[in-house]
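Taking it in order: structure first as structure tokens, then the write-up.
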Amino acid sequence: MAVKGLQAVRGMNDIFPAEAAAWQALETDLRGLLQLYDYGEVRLPLLESTELFARAIGDVTDIVQKEMYTFADRNGDSLTLRPEGTAGCVRAAIQNQTMRGQTPRYYYMGPMFRHERPQKGRYRQFHQLGVEVFGQAGAGTDAEIIALSARILKQAGVQASLQINSLGSPEARAAYRERLLEYLRPQQEALCADCQTRMEHNPLRILDCKVPGCQQIASSAPHLVDHLDSESALHFASLQKLLTALDIPYQLNHSLVRGLDYYNRTVFEWVTDALGAQGTVLAGGRYDGLVAQLGGQDTPAIGFAVGLERLLALQEIQGNQACADKPVLFIGAMEDDSLARSWQLAEALRDLGISVVSGGPAGFKALLKQAERSRALFQLVIGLGQLQGEPVIIKEQCGEGRWEGSLEAVITGLQSLGVDFPKHAPHTGQNFATARRSK
RNA sequence: GUGGCUGUAGCUCAGUCGGUAGAGUCCCGGAUUGUGAUUCCGGUUGUCGCGGGUUCGAGCCCCGUCAGCCACCCCA
């Protein structure tokens, strides 16, 4: 229950250990994959000057117009919590001159902030893994990062399908925009109110409007890929050839236009219908003009971002989410006198790298309950008898295993047990009590 | 930013016509100092999201507000 007056800001979530285990496992997996492709981590500020995002993302986009957390610094500068990662990454690469004569491959993981109405798969603070490659103009790089994205989803055990499109050069896109408007104008009255507004500032978005009437009109619209400049057309053909060679299935989606202004040529999205209205899990594309636009030398670039909450939600739906590691041993002490001894033992075992949870002093039955709740693989109880030399009993909590010995032998005994517990134990939803009853 | 639904114990929920806030579960202790059955006994569970209004009296009706969920919009 929320304490009066003290609650998290809307759309911002607290993550507790049970859930954090899935996050950690996912992050570890992701870092491993990125290492396979030799991407290096960059850690960037969460806060940037507002101007950066306005210039990079585009003044007319919804993100800049209505979704940014913007406020004045103490000296009056306008600052913004990053709504996405690419702009900051490009800014950092320019500022630190890391692209001179280099073709760096970067990744970053962390929170992004957008002031939208929260719903399934959409939060005001959410987390992305972002990947950016600079200085590589060839379609091979497009194929590489799409292959990487495919591998990320596969590793995460997530089902999604790949859609691609090409936006061509800015000039070709501008020309296509005129062709599209010529096609739409006679039917303008039939479009929804939103799309009539879109005709003013972003007619390409009309192509993926959900209103049936608009879809009808869009379905017969001229295709962007038929109006590409020749270099972009070659680039796109080359990419498709590579995807086929890499055995990565894809769909050409003519209405895939991406929301942010900086994209050109290749755009792609991995989509699913398992997340309600938020179908995009991973999305990216080429943004060859952005580095120059932000004041750097003209440098081709490409990247993508994955929504970690969405990835985790899909993992949960598909039963692939990792669980927290279990402690190896629970040590319970029955009375104050045995408590000191049990703590000594616990510390000695931790010296050996064995995870231990301590409990007590408490009655015997209470200790067994504590042991069960600790999820430990083994449990032992120390009482006055053990202090006087009676044997200790180590018992396997889930199974039948049982081992007796002196207190001093427990340490070597535990080692001889060869404890090897799964890092990602399958989550059955069963506790030990129900597991026992079903035996 | 717009709309619909929902907020009662740690959890799942009931609460009739406006009349003393309940059940199950969980947790704790005991019957039972030594390896967890079952059962029984006892115990703690609360700003009814928050604020205001109507009323002799509000968990219930009205207004506002906050939060959650879902959709629009947008996007990862």
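Naming convention: chains lettered A, B, ... in sequence-line order (proteins, then strands); numbering from 1 in each chain. Note that this is a predicted model, so its numbers are computed, not measured. Values below: every heavy atom of this structure, side chains too, minus hydrogens, waters and symmetry copies.
Here A:Ser342 contributes atom OG and A:Leu387 contributes atom CG; the two are 9.5 Å apart, rounded to the nearest 0.5 Å.
No side-chain N or O of A:Tyr250 forms a donor-acceptor pair with one of A:Ser161 less than 3.5 Å apart. Using a 3.5 Å distance cut-off with no hydrogens or angles, the side chains of A:Gln163 and A:Asn253 do pair a donor with an acceptor.
In this structure, the side chains of A:Gln196 and A:Gln188 come closer than 4.5 Å at one or more pairs of heavy atoms. Side-chain atoms of A:Arg55 and A:Leu294, non-hydrogen and from C-beta on, do get closer than 4.5 Å to each other.
Nearest nucleotide to the side chain of A:Lys120, out of B:C66, B:C74, B:A71: B:A71. When distances are taken from the side chain of A:Arg10 to each of B:C73, B:U35, B:A67, the shortest belongs to B:A67. In the set B:U35, B:C72, B:C73, the nucleotide with an atom closest to the side chain of A:Lys66 is B:C73.
Side-chain to base pairing of A:Arg114 with B:C74: no donor and acceptor N or O lie closer than 3.5 Å to each other. At a cut-off of 3.5 angstrom, counting only N and O atoms as typed in the model, there is no donor on one side facing an acceptor on the other between the side-chain of A:Arg205 and the base of B:C73.
Looking at heavy-atom distances under 4.0 Å, A:Leu282 makes contact with sugar-phosphate atoms alone, never a base. At a threshold of 4.0 angstrom between heavy atoms, the contacts of A:Ala283 are confined to the sugar-phosphate backbone, with no base atom among them.
Using a 4.0 Å cut-off on heavy atoms, the residues of residues 208-215 of chain A that approach RNA chain B are A:Lys210, listed by number. Within residues 144-152 of chain A, no residue has any heavy atom closer than 4.0 Å to RNA chain B.
Remark: RNA chain B takes part in the stems B:1-7 with B:66-72, B:10-13 with B:22-25, B:27-31 with B:39-43, B:49-53 with B:61-65, each of 3 or more antiparallel Watson-Crick or G-U pairs, criterion distances under 3.5 Å.
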Can I get a per-line list of side-chain donor-acceptor pairs under 3.5 Å for residues 359-370 of chain A, giving both atom names and the distance, sequence neighbours left out?
none

I'd like a table of donor-acceptor pairs (distance under 3.5 Å, sequence neighbours excluded) in which one partner is a side-chain atom from residues 272-279 of chain A, with atom names and distances.
from: A:Thr272; atom 1: OG1; to: A:Ala274; atom 2: N; distance (Å): 2.9
from: A:Gln278; atom 1: OE1; to: A:Arg310; atom 2: NH2; distance (Å): 3.2

For nucleotides 25-34 of chain B, read 5' to 3', which letter fits each nucleotide if B means a protein heavy atom sits under 4.0 Å from the base, S means only the sugar-phosphate is that close, and - means neither? --SSS---BB
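Positionally, the nearest nucleotide of RNA chain B for A:Met12 lies more toward the 5' end than for the other of A:Met12 and A:Gly276.
Counting heavy atoms of neighbouring residues, nucleotides and ligands inside a 6.0 Å radius, atom CZ of A:Arg151 does not exceed 12 of them.
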